[in-house]
Amino acid sequence: MNELMKVRRDKLAAFEAKGVAPFGHRFEVSHHAKDVLEQFGHLEGEEESSEEITIAGRLMAIRGHGKASFSVLMDRSGRIQIYFKLDVLGEEKYSQFKLLDIGDIIGVKGHVFRTRRGEITVRVDDFDMLSKSLRPLPEKFHGLTDTEIRYRQRYVDLIMNPEVMNTFVARTNIMKSIREYLDERDYIEVETPVLGTIAGGAAARPFITHHNTLDLDMYLRIATELNLKRLIVGGMERVYEMGRVFRNEGMDVRHNPEFTTIELYQAYADYTDLMDITEGLVLNAANKVLGTTEFDYQGTHIDLANVKRISMNDAVKEATGKDFLSCQTVEEARAMATEIGVPYEERFGIGGILNAAFEEKVEETLIQPTFITGHPTEISPLAKRNPENPMITDRFEFFIYGRELANGFTELNDPIDQEGRFLDQLKQREAGDDEAHEMDRDFITALEYGLPPTGGLGIGIDRLVMFLTDSASIRDVLLFPTMKPLAGEGKKNLHANSPAKVEEKIDFSKVQIEPLFEECVDFETFSKSDFRAVKVKACEAVPKSKKLLKFTLDDGTDNDRVILSGIHQYYEPEELVGKTLIAIVNLPPRKMMGIDSCGMIISAVHQEDDEEALNLLMVSDRIPAGAKLY
RNA sequence: GGUUCACUAGCUCAGUUGGCAGAGCACCUGACUUUUAAUCAGGGUGUCCCGGGUUCAAAUCCCGGGUGAGCCA
């Protein structure tokens with residue numbers, strides 16, 4: 001703790017010594033700072049509001065003048081000057097004011113007036129201590145600029161940088177405008193699972209997590225697409241979900257591991273309808289938060305009211321003179337790509353090469369809002385083929401500033417075609433594309449029940465917010481962007497801490513114990529038994545036996561030891577492989593089901609609810625095979 | 001993953017050729033009853049990101065690591 005924090009704790013103690021709670025309670029707020037400025041802007045000269053108002057907020061500046069002082073109070077709406085005066089407050093209250101620090105949160109009761117310098121000000125008649133701030137805020141003039149602290153301690157960023165607050169309020173308003181737009185059009189907002197066993201609906205690597213009770217690896221969703229289409233099958237007709245998706249990929253100014261998308265699906269519509277909706281949603285959002293459809297993004301003027309539409313092939317043709325869709329063979333397309341210097345991979349077909357040419361030569365030139373249509377089927381496994389040309393799909397992507405903002409298409413509703421597309425994706429996966437779609441059998445089943453002709457659309461909310469708030473980085477539109485843990489914290493092995501590993505509570509209350517043996521055994525007899533640690537090399541159920549398991553054990557010698565044990569009702573053979581057990585190894589061989597059993601594996605047996613319960617003695621895997629027990 | 005840059009007081013930043021760790025704001029003491037980046041006088045509060053190395057001597061040079069930002073893939 002540094003000097004500044006010590007001083008603040010001393011002041012906290014001083015409040016307590018005066019009988020004032022440094023962390024206060026409920027406070028009735030009649031005005032926000034902005035309300036005061038608006039409502040009392042007419043005050044002139046010696047005039048003072050007749051009304052006594054209350055405001056609450058954080059002290060952002062204190063300008064002491066001895067027996068009278070100015071301060072600045074900040075609340076959600078902005079800042080307002082407040083005036084503490086000894087004559088008004090009295091000795092005791094003014095001495096309390098002297099204990100206030102920048103950053104403290106107080107509630108103020110007072111009258112409004114205009115100072116000689118012309119600033120609307122609240123004269124403090126009384127104030128309540130609401131929260132003592134124990135840490136110094138950043139400097140008033142430069143504020144907080146360190147990007148790392150801004151992201152890690154967003155609360156400080158929000159206190160110090162009003163434009164950050166504005167950005168996040170804009171984000172909320174954008175999302176609200178989208179909901180309003182869709183709700184007005186009879187869409188149903190739904191929620192679908194984040195956790196699942198198939199990560200489908202997009203080309204991306206998923207995050208893997210684990211369900212302990214089910215002992216099941218699960219994925220965090222990479223898209224909401226397939227579940228939403230299931231709901232269209234179910235008859236919802238118009239659905240959308242605005243929510244978080246997770247992609248286990250690189251991070252940069254445009255990508256965060258978790259981000260927000262909206263996907264929407266409309267039965268009996270096609271991709272052209274969804275293009276109109278895309279345009280409508282974006283225009284509506286811009287109008288709501290900017291009041292206009294024109295804005296500057298990072299110094300470039302963007303006009304949303306003027307949207308271009310062009311097919312991918314035409315766009316590539318315009319840029320390079322090459323007509324990839326005229327190609328009859330992959331070789332032709334490869335030659336074209338080579339000619340214009342577009343790299344491609346071996347596994348690409350004509351469509352893949354066209355897409356590569358688009359990404360290489362066209363994408364970043366699409367500064368003004370542009371719909372690209374007619375994506376190759378090869379790269380569009382969930383989109384319906386174009387009726388005239390099966391090589392391409394009825395799909396669009398919406399670009400602004402060279403960046404993909406939205407993606408939509410007429411949904412593929414032919415289950416047989418869909419299954420073939422999934423199989424193609426599996427081939428891509430085997431050919432090394434670990435982002436290729438997984439087969440989702442149940443989705444095929446759903447399509448087999450019948451998906452109406454449907455148009456679907458996805459929009460990257462974070463990117464839209466970036467555009468409309470002129471934010472250079474996605475981290476500037478995420479309240480808490482993903483950050484690496486600082487040295488010393490985090491970076492723990494989460495699996496080691498997972499609840500499954502936490503000690504299981506076991507109920508021993510019903511255990512019945514067999515009476516102890518009365519008769520003693522002498523040490524000599526005892527020491528004749530050779531107990532050893534053994535490792536289970538293999539374990540299988542003995543054929544035709546309900547009870548017996550056959551263990552192949554490493555007892556530390558070169559020879560495998562085989563022991564049969566009647567414990568199948570307690571253990572499945574596969575769960576025992578690799579375990580370290582205890583066995584007596586100097587018993588004479590005994591034939592069981594025609595197999596020699598050489599020794600006995602030691603179990604712990606007790607009665608519980610008059611049932612016999614059994615636990616194999618399993619010991620630490622650190623104990624080597626053959627270790628002798630004394 | 002590669003590469004460049006940054007990391008010094010609570011914040012924003014200086015720190016020369018390797019030679020006692022600096023400024024402004026904030027903070028502390030005092031003055032001041034309409035100031036507003038208040039002013040005036042006095043006071044420096046530090047794991048120079050971490051760990052090694054070179055050196056009589058390292059914030060500074062070398063090596064390794066951390067976090068962040070940017071560029072490339």
Side-chain angles (χ1 to χ4, degrees), chain A residues 1-12 14 33 37 43-48 58-74 78-91 93-95 97-104 110-124 133-157 159-161 205 248-256 298 343 345 356 359-360 364 471-476 481-491:
Chain A
M1 187 167 14
N2 62 46
E3 190 62 34
L4 283 79
M5 288 174 68
K6 281 200 194 84
V7 167
R8 283 170 182 244
R9 279 178 197 249
D10 289 346
K11 290 179 177 175
L12 177 133
L37 297 175
L43 292 174
E44 290 298 341
E46 299 294 298
E47 263 187 287
E48 181 182 292
R58 191 183 293 275
L59 291 177
M60 296 306 288
I62 298 172
R63 296 184 282 275
H65 285 268
K67 297 186 179 63
S69 301
F70 290 91
S71 183
V72 175
L73 196 73
M74 178 172 79
R79 295 172 179 230
I80 180 115
Q81 179 165 267
I82 58 179
Y83 183 50
F84 295 88
K85 202 175 176 190
L86 176 60
D87 296 351
V88 174
L89 289 166
E91 289 286 347
K93 203 75 193 181
Y94 199 75
S95 75
F97 155 74
K98 288 287 192 185
L99 291 172
L100 292 178
D101 283 307
I102 290 173
D104 287 355
H111 290 79
V112 187
F113 71 107
R114 189 183 288 278
T115 65
R116 273 178 214 159
R117 297 296 190 99
E119 179 150 350
I120 292 292
T121 300
V122 178
R123 193 197 63 230
V124 180
S133 171
L134 297 178
R135 287 175 185 269
L137 284 172
E139 182 218 342
K140 61 187 168 191
F141 192 59
H142 296 94
L144 180 68
T145 60
D146 185 304
T147 48
E148 186 169 355
I149 301 176
R150 287 187 46 224
Y151 297 149
R152 286 190 195 277
Q153 296 179 270
R154 183 68 88 181
Y155 40 91
V156 182
D157 192 25
I159 293 168
M160 297 308 297
N161 298 316
R205 275 190 291 274
N248 204 343
E249 296 175 345
M251 291 166 65
D252 59 34
V253 280
R254 289 192 294 280
H255 299 87
N256 194 69
Q298 304 295 295
E345 290 179 39
E359 287 180 358
E360 183 77 17
E364 64 187 19
S471 299
S473 167
I474 190 169
R475 294 183 196 104
D476 294 323
T482 304
M483 301 290 277
K484 278 200 192 184
L486 294 171
E489 61 181 49
K491 278 220 168 167

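Reminder, nothing fancy here: chain letters follow the sequence lines and each chain counts from 1.
Using a 4.0 Å heavy-atom criterion, one finds that A:F113 contacts the bases of the nucleic acid, with or without backbone contacts as well. The residue A:G143 sits close only to the backbone: its heavy atoms come under 4.0 Å of sugar-phosphate atoms, none of a base. Within the nucleic acid shown, A:V72 has no heavy atom closer than 4.0 Å to any nucleic acid atom. Residue A:R79 is classed as having no contact, given no heavy-atom separation below 4.0 Å to the nucleic acid. A:K140 comes within contact range of the sugar-phosphate backbone alone, with a heavy-atom separation under 4.0 Å but no base atom that close. Using a 4.0 Å heavy-atom distance criterion, A:M160 is classed as making no nucleic acid contact. Within 4.0 Å (heavy atoms only), A:D252 reaches no atom of the nucleic acid at all.
Distances were taken from every side-chain heavy atom of A:Y83 (C-beta onward) to each of B:U34, B:A26, B:G24; the shortest belongs to B:U34. The A:E139 side chain lies nearest to B:C11 when the options are B:A69, B:C11, B:U35. Nearest to the side chain of A:Q81, among B:U12, B:U36, B:C32, sits B:U36.
Nucleotide B:C7: paired with B:G66 (Watson-Crick or G-U wobble, both distances less than 3.5 Å). In this structure, B:C32 forms no base pair with any nucleotide, since neither Watson-Crick nor G-U wobble geometry is met with both distances under 3.5 Å.
Look at A:R63 and you won't find any side-chain N or O under 4.0 angstrom from OP1 or OP2 of B:U35. At least one side-chain nitrogen or oxygen of A:R117 sits closer than 4.0 Å to the OP1 or OP2 atom of B:U36. Put simply, A:K98 has no side-chain N or O that comes within less than 4.0 Å of OP1 or OP2 on B:G30. A close approach under 4.0 Å does occur between a side-chain nitrogen or oxygen of A:N2 and OP1 or OP2 of B:G10. Here A:T115 does not reach the OP1 or OP2 of B:U35: none of its side-chain N or O atoms lies under 4.0 Å away. In terms of phosphate contacts, A:R150 brings no side-chain nitrogen or oxygen within less than 4.0 Å of OP1 or OP2 of B:U12.
Ring geometry for A:F113 versus A:Y83: interplanar angle of 30 to 60°, hence tilted.
Applying the 3.5 Å distance criterion, the base of B:U34 shares no donor-acceptor pair with the side chain of A:R116.
The separation between A:M251 atom CE and B:G1 atom C1' is 15 Å, rounded to whole Å.
Residues A:V72 and A:R63 approach most closely at CG2-NH2, 3.9 Å, considering heavy atoms.
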